[in-house]
Peer 1: 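Here it is: the structure, laid out below.
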Amino acid sequence: MNLLAVWLGKLTLMALRALGRRGNALPGLVVEKVFPSFLARAMARLPEGVVVITGTNGKTTTTKMIATILGERYRVLTNDTGSNFVRGAITATVEHATWSGELPYDVAVFELDEAWAVRFVALVPPRRALLLNVMRDQLDRFGEIDTTAGLLGAVAAATTGHVVLNRDDERVAALAGRTTAQVSYYGVAPELRALFPNDEELYGGPVFMSEHPASAELRGLPAGEQPYITLRFGGADHEVLLRADGPHNAQNAAGAVALALTFGMDTETVLHGLRNVSPAFGRGQSFDIDGRRLVLQLVKNPAGFRQTLRTLDGVTGADAIVVAINDDYADGRDVSWLWDVDFTGLVAPAIGDARRSTSGTRAADMAVRLRYDDVSVDEVEPDLEKAVRSAVEAVPEGGHVVVFSTYTAMWALHAILLRIGQAA
Amino acid sequence: MKLIHLYPREMNIYGDTGNVVVLARRLKWRGLPVEIAAVSVGDPLPHDADILLGGGGQDAAQGEIGADFAGRGAELRAMADDGLVMLTICGTYQMLGHEFITHEGRRIPGVGVLDIVTTGQAERLIGNNYVDTDDAGRLVGYENHSGLTDLGPGVRPLGSTQLGRGNNGRDQTEGAVRDNVIGTYLHGPVLAKSPQFADDLLRRALSRRGRDTDLEPLDDSLAEQAARVAAGRPR
Ligand SMILES: [Zn+2]
C-alpha cells in the first residue's frame with residue numbers, strides 16, 4: 001500500500017483531532033486528491049475483498065450486523081462512523097492501516113448511499129453486495145424511485161462474486177438480471193409479507209409476492225412475552241434474541257445472514273455473531289437527562305417513519321414526543337414526504353396526553369402536517385436544544401421522551417444530548 | 001362537497017396526496033360534509049363532483065395510466081367546460097395538455113383540457129420554489145420535473161415563479177389556468193403552505209353550485225410561518 005498516502009491521511013486525522021474535530025471526510029478528501037488510486041489498491045489487497053451494503057432503508061443497522069457476524073471469523077474493516085461516502089471509506093482505511101502501510105484486515109464492509117455506491121464501485125469493484133430496498137427518499141437528488149433502482153443496478157453490475165437481493169422488493173429482485181455475479185435472496189415468510197409494505201402497496205397497489213427461494217428467511221417476530229425472532233437458514237429454523245427492535249430490523253437480520261452465508265460460514269457462528277449485534281447510532285439509542293429517559297429515532301423517509309411509528313413500543317407510554325425535521329442537503333431539501341406518513345396514530349388513547357412538539361429547520365412544516373391529521377402540537381421550537389430541554393422539563397422524573405429526527409438533526413441532537421445528559 | 005382523487009395509487013410520489021387531506025380537513029373543520037372518490041384505472045369518473053385532484057408520479061406510472069387517461073379526454077373536457085374545479089400537479093398537469101413530447105422525441109397525446117405542450121429533457125428542474133399569483137397570493141412548494149411546459153393563448157399562467165424554474169425555466173411563468181382548471185408543478189404539497197389557495201379552490205367550487213362562498217376563517221398562522229420559512233430556504 002502507498003505509504004505516503006497512509007501517512008498523509010493519518011497526519012490529517014491527527015491534525016483534526018488536535019483541533020478537537022471529529023471530521024472523517026477531510027482526511028479522505030486529502031488522500032483522494034493526492035493519490036486517486038489509493039483506495040482501489042488498498043482494497044485489492046484484502047483477501048476477502050469488499051462488501052457493499054446499499055438501499056434506502058436499514059443500511060447502517062444491517063452493515064453493523066454483517067460486520068459483527070463476519071467479525072466472528074474475519075478481521076473486518078468497516079465505516080462505522082456513520083459517514084457513508086467514498087471519503088469516509090478512505091478515512092477508515094488510513095485510520096486503520098499501520099504506520100508501516102499494512103492493512104491488517106481480511107474484508108471491508110462498507111455502507112454506501114445509493115449515489116455514492118455507484119461512484120465507489122466504479123473505483124473498487126466489490127466482491128459482494130447486499131441490496132436492501134428502494135423507497136421514496138431524497139427524490140430531490142434522485143428525481144424518482146426508478147432512478148434510484150437504476151443506481152442499485154449499477155452496483156449489482158459491478159459486483160464480481162455474489163449479489164444478495166431482497167426478494168420482497170420488486171425493484172430489487174429484478175436486479176438479478178443486471179449482474180453476472182452469483183445471486184441469492186433473503187426474504188420474509190409469506191404470512192409476514194403484509195407487515196413490510198412498499199410505497200406503492202401502501203397506496204393500494206397489489207402486494208408483490210416473490211417466487212424466489214431465500215437462503216435466509218424471516219419466519220417469526222416477537223409476540224407478547226416471546227422475545228425471539230425466527231430465522232430460517234441452513235435448512236432449519238433458529239430463534240434469535242435481536243438487540244435491535246422492530247420488524248424491519250428482523251428483516252435486515254435475514255439480509256445480513258444471507259450475506260454471511262456467501263462466506264460459507266456455519267450456522268452456529270452466524271447465530272453467535274447475530275446475538276452480539278448492538279443497536280446502531282441513533283437507531284433507538286437512549287440517553288439519561290435529569291432522570292428522564294430520552295430515546296432518539298432516526299426518520300428519513302415515509303417508509304421508515306411509518307415503520308418506526310407503527311412498531312415502536314416506546315411511543316406507547318411516552319410522556320413527550322418531539323419530531324425534529326431538518327431540510328439540509330443530507331436530509332433532503334424537499335419535505336413533501338411528510339405527507340406520505342399517517343400521523344393519526346399519535347392521537348391514539350395510549351399516548352393521547354403525551355406532550356407533542358416539533359423542531360428543526362422545518363418545525364413549522366411538521367406542525368402543519370400534524371395539525372392536518374388532527375394531532376395537536378404543544379410547541380413549535382426550531383432550535384433543537386431548546387426543544388429537547390422544554391420536552392424534558394415538561395415530563396416528570398422517570399418520564400420518557402421520544403425524539404424522531406432526520407439525519408442532520410440527529411447528529412446535532414447527539415452532541416447536545418451528550419452535553420446535557422449521558423448515554424444510557 | 002365531493003372530491004375526486006385521480007389515480008391515488010399511481011400518481012402520488014411527491015406527497016401530493018396531501019392536497020386531498022388539506023381540502024378534506026378544511027371542509028371538516030368548518031362542519032361541511034366531504035366525500036372522497038378515488039378514481040383508478042378503469043373506474044368511472046363521478047359526474048356530481050366538485051373538485052378533481054391529481055398528483056405527480058413516476059415517468060413509468062405516467063405510462064401505465066396514459067391510455068386510461070387519454071380515454072377520458074371527452075369527459076374531462078366537458079367537465080372543464082362545465083366549470084369543475086381541478087387542481088392538477090406535475091404529471092397530471094402535463095397530461096391535461098395537448099401532448100407530451102418525450103426526451104427521445106416520442107409524442108404522447110394529452111387530453112387537451114389545457115392549452116399547453118410539454119417537452120421532456122434530460123435535466124430535472126428540482127428545488128424549493130414560491131410563486132406569486134393574483135388570485136391567491138404567494139404559493140409555496142417544491143418543484144421536481146423534467147418536462148418543460150409552454151403555454152398557449154388558451155391559458156394564463158397561474159403565477160410568476162420567484163425562486164424556482166417554473167414551467168420551463170425561461171419565461172418565469174409557473175402553472176396554467178383556464179376557467180376553474182389549474183395545473184402547477186408545485187409539490188409540497190402546495191396546499192399545505194398555501195391555505196388561501198386551498199380556500200380559493202373551495203370558493204370556486206361553492207360558487208359554481210351557486211352557494212354561499214363565505215368560509216369561516218381558520219387559524220392558519222402555522223401554515224403561514226411554514227411558508228415564510230420554506231420561501232427562505234436554499235433552493
Ligand atoms: Zn413533479
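To find a chain, count down the sequence lines: A is the first, B the second, and so on, and within it residues start at 1.
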Peer 1: I'd like to check the side-chain hydrogen bond (donor to acceptor under 3.5 Å, both in side chains) partners of A/Thr148; sequence neighbours left out, ordered by chain and number.
Peer 2: none
Peer 1: Which one of B/Val22, B/Ile126, B/Thr17 has the most heavy-atom pairs closer than 4.5 Å to chain A?
Peer 2: B/Val22
Peer 1: Which atoms of B/Asn144 come close to chain A, meaning under 4.5 Å heavy atom to heavy atom: side chain ones, backbone ones, both, or neither?
Peer 2: side chain
Peer 1: On the six-membered ring of B/Trp29, is B/Arg25 placed so that its NZ or CZ lies under 6.0 angstrom from the centre and within 45° of the ring axis?
Peer 2: no
Peer 1: Sort B/Arg124 into side chain, backbone, both or neither according to what part of it lies under 4.5 angstrom from a heavy atom of chain A.
Peer 2: side chain
Peer 1: Quick one: what part of A/Asp199 sits under 4.5 Å from any heavy atom of chain B, side chain, backbone, both or neither?
Peer 2: neither
Peer 1: Chain A: which of B/Glu10, B/His187, B/Arg26 shares the most heavy-atom pairs with it under 4.5 Å?
Peer 2: B/Arg26
Peer 1: Report the distance from atom OG1 of B/Thr133 to atom CD of B/Gln196, rounding to the nearest 0.5 Å.
Peer 2: 7.0 Å
Peer 1: Look at B/Asp16, B/Ile13, B/Asn128 and state which one has the largest set of heavy-atom pairs under 4.5 Å with chain A.
Peer 2: B/Ile13
Peer 1: Measure from NZ or CZ of A/Arg136 to the centre of the six-membered ring of A/Trp337 and say whether it is under 6.0 Å with the direction within 45° of the ring axis.
Peer 2: no
Peer 1: Kindly determine whether A/Val323 and A/Ile325 satisfy side-chain contact (heavy atoms from CB on, under 4.5 Å), including the steps that lead there.
Peer 2: CA-CA 6 Å; A/Val323 188; A/Ile325 304 295; 3.9 Å; yes
Peer 1: Could you look at B/Arg235 and say if it's the side chain, the backbone, both or neither that has a heavy atom under 4.5 Å from chain A?
Peer 2: backbone
Peer 1: With a 4.5 angstrom heavy-atom cut-off, could you sort out which part of B/Ala24 is near chain A: side chain, backbone, both or neither?
Peer 2: neither
Peer 1: Can you list the residues that meet the salt bridge (charged side-chain N to carboxylate O under 4.0 Å, His left out) rule with A/Asp365, with sequence neighbours excluded?
Peer 2: A/Arg362, B/Lys193
Peer 1: A/Thr361 versus chain B, heavy atoms under 4.5 Å apart: side chain, backbone, both or neither?
Peer 2: both
Peer 1: Pick one: which of A/Leu384, A/Leu413, A/Val322, A/Leu298 meets side-chain contact (heavy atoms from CB on, under 4.5 Å) with A/Ser405?
Peer 2: A/Leu413
Peer 1: Are A/Asp331 and A/Thr408 close enough that a side-chain donor and a side-chain acceptor fall under 3.5 Å?
Peer 2: yes
Peer 1: Looking only at heavy atoms and a cut-off of under 4.5 Å, which of A/Val377, A/Val368, A/Val380, A/Asp327 has the most pairs with chain B?
Peer 2: A/Asp327
Peer 1: Heavy-atom pairs under 4.5 Å with chain A - which of B/Val21, B/Val229, B/Asp220 has more of them than the others?
Peer 2: B/Val21
Peer 1: What part of A/Arg333 gets within 4.5 angstrom of chain B, counting heavy atoms only: side chain, backbone, both, or neither?
Peer 2: both
